[in-house]
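Report on one structure; see the data block that follows.
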Amino acid sequence: MKVELKNVTKIIQKNEVLKGINLTFEGGKIYGLRGKNGSGKTMLMRAISGLITLTDGEIIIDGKRLGKDMSFPESIGILLENPSFIDNYSGYQNLKALADMNHLISEDEIRKTIQMVGLDPNDKKKYKKYSLGMKQRLGIAAAIMEKPNLLLLDEPINAIDEKGVEQIRKILFDLKSEDRIIIVACHDREELNLLADEIIELQEGYILEK
């Protein structure tokens, strides 16, 4: 898989939040995005996922132009900012509702994914009673459960304990070995150094030269 960004630019209310970004992402790698709040990390992920329209430039995914040949990447999993689910559903019920939209995975695969992130698929607790860490784990489960070719995770280890971080790390390494592109934004410099094959530094909407 290959994702190419060519002169990607986004202006919001006269503020240039992405400034002529040129990048190439290739399958089988984890890419780390590092930068302060407001540096453009989340906006870059929104652009790659097709959630915003570019002011200039283009994004090409396996030869197809985003926003022209396709509205969204054909196989993508996303965790952007705070995950949101149906308050009165259990974790399993929430993921089942999402999975029913595409019919790509079985109920057994949903349960296995929930276990992978350290939750209990048989837990009847409603989402609204989940701790922050549990909500984050469920968000990661939703992003990875269909084994997407492109995975975008914004601060995935937020509110997750040390054991959970190790579980998430293993999941990402396993997915990477299957030739997927994984892009992770993370404030934790040490964790990003452990995870990423390549780290991209952003500042005020542009890429810092290495």
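As the structure is a computational prediction, the values presented were derived from the model and not from experiment.
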Return yes if some donor-acceptor pair links the side-chain N/O of Lys41 with the main-chain N/O of Gly35 below 3.5 Å, else return no.
-> yes
First locate atom OG of Ser39, then atom CD of Glu204, and finally report the distance between them rounded to the nearest 0.5 Å.
-> 9.5 Å
Closest non-hydrogen atom pair, Ile199 against Ala196 | CG1-CB, 3.9 Å
For Ala47 and Leu54, which heavy atoms make the closest approach, and how far apart are they?
-> CB-CD2, 3.9 Å
Taking C-beta and beyond as the side chain, do Ile140 and Ile160 meet within less than 4.5 Å on heavy atoms?
-> yes
Using a 4.5 Å cut-off on heavy atoms from C-beta on, say whether the side chain of Arg169 contacts that of Val165.
-> yes
Begin with the C-alpha distance, continue with both residues' side-chain angles, and end with the deciding distance and a verdict on ring pair (Phe, Tyr, Trp, His ring centres under 6.0 Å) for Tyr127 and Tyr89.
-> CA-CA 6 Å; Tyr127 176 75; Tyr89 278 18; over 10 Å; no
Using atom types as modelled and distance alone, determine if a side-chain donor or acceptor of Asp154 lies under 3.5 Å from a backbone N or O of Thr42.
-> no
Co-membership, hydrophobic cluster, residues Leu95 and Ile86, 4.5 Å side-chain = no
Let me see the working for Lys29 and Glu198 under side-chain contact (heavy atoms from CB on, under 4.5 Å), right down to the final yes or no.
-> CA-CA 8 Å; Lys29 286 187 175 182; Glu198 187 175 323; 4.1 Å; yes
Kindly compute the distance separating CG (Asp174) from CZ (Arg180), expressed to the nearest 0.5 Å.
-> 10.5 Å
Going by heavy atoms in the side chains, are Ile76 and Ser49 under 4.5 Å from each other?
-> yes
Common cluster, Leu175/Leu194, ILVMFWY with side-chain heavy-atom separation under 4.5 Å = no
Taking the side chain from Asn15 and the backbone from Val17, do they hold a donor-acceptor pair closer than 3.5 Å?
-> no
Are Asn7 and Asp56 linked by a side-chain donor-acceptor pair shorter than 3.5 Å?
-> yes
Between the CE atom in Met116 and the CD1 atom in Ile168, the distance rounded to the nearest 0.5 Å is 8.5 Å
Mind checking whether Phe72 and Ile48 sit in one hydrophobic cluster, side chains of I, L, V, M, F, W, Y counted as touching below 4.5 Å?
-> yes
Pair Phe25-Leu23, side-chain contact (heavy atoms from CB on, under 4.5 Å): steps then yes or no | CA-CA 7 Å; Phe25 300 99; Leu23 284 171; 3.7 Å; yes
The reported gap from CE in Met43 to CE in Met45 (rounded to nearest 0.5 angstrom) is 12.5 Å
With no hydrogens and no angle check, is any side-chain donor or acceptor of Gln136 less than 3.5 Å from a backbone partner on Glu155?
-> yes
Linking I/L/V/M/F/W/Y whenever any side-chain heavy atoms sit under 4.5 Å apart, do Ile200 and Ile60 land together?
-> no
If only atom types and distance count, is the side chain of Ser75 paired as donor or acceptor with the main-chain N or O of Pro148 below 3.5 Å?
-> no
Which atom pair, heavy atoms only, marks the closest approach of Lys2 to Thr24?
-> CE-CG2, 3.7 Å
Any sub-3.5 Å donor-acceptor pair from Lys96's side-chain atoms to Glu107's backbone N or O?
-> no
Got more than 12 heavy atoms from elsewhere within 6.0 Å of CG, Leu132?
-> no
Within-4.5 Å side-chain heavy-atom neighbours: Ile59 and Arg65 = no
Point-to-point distance, once rounded to the nearest 0.5 Å, from CD1 of Ile183 to CG of Leu153 | 9.5 Å
Does a side-chain heavy-atom distance below 4.5 Å link Leu202 with Leu33?
-> yes
Any donor and acceptor pair, going by atom type alone, linking the side chain of Ser90 with main-chain N or O of Lys125 inside 3.5 Å?
-> no
Specify the closest pair of heavy atoms between Ile61 and Pro73, including all atoms of both residues, with the distance to one decimal.
-> CD1-CG, 3.6 Å
Would you call Ile114 and Met145 a side-chain contact if the rule is heavy atoms closer than 4.5 Å?
-> no
Sorted by first residue and then second, give each ring-ring contact (aromatic ring centres under 6.0 Å, His included) pair with at least one member in residues 156-184; sequence neighbours left out.
-> none
Hey, does His187 have a side-chain heavy atom less than 4.5 Å from the side chain of Arg34?
-> no
Tell me, which pairs form a salt bridge (charged side-chain N to carboxylate O under 4.0 Å, His left out) where one or both residues lie in residues 126-146, sequence neighbours left out?
-> Arg137-Asp161
Closest non-hydrogen atoms of Ala99 and Ile105, given as atom of the first, atom of the second and distance, are CB-CG1, 4.0 Å
Greater than 12 external heavy atoms within 6.0 Å of Glu178's CD = yes
With distance as the sole test, does Tyr31 use its side chain to make a donor-acceptor pair with the main-chain N or O of Glu26 at under 3.5 Å?
-> yes
Here the gap from Gln93 atom CD to Phe85 atom CZ, rounded to the nearest 0.5 Å, amounts to 13.0 Å
Is Leu151 close to Ile144 at the side-chain level, that is, under 4.5 Å between some pair of heavy atoms?
-> yes
Treating Ile, Leu, Val, Met, Phe, Trp and Tyr as nodes and any side-chain heavy-atom pair under 4.5 angstrom as an edge, say whether Ile52 and Ile11 lie in one connected cluster.
-> no
side-chain contact (heavy atoms from CB on, under 4.5 Å) between Leu44 and Leu18, intermediate numbers included = CA-CA 7 Å; Leu44 183 61; Leu18 294 176; 4.2 Å; yes
Determine the minimum heavy-atom distance between Asp188 and Glu191, stating which atoms define it.
-> OD1-N, 3.0 Å
Show the numbers, then the answer: is there a side-chain contact (heavy atoms from CB on, under 4.5 Å) between Glu58 and Leu66?
-> CA-CA 7 Å; Glu58 60 182 1; Leu66 191 60; over 6 Å; no
Can we say Lys147 and Glu109 salt-bridge, meaning some charged N sits less than 4.0 Å from an Asp/Glu carboxylate O?
-> no
For Tyr130 and Gly91, indicate whether the former's side chain and the latter's backbone hold a donor-acceptor pair under 3.5 Å.
-> yes
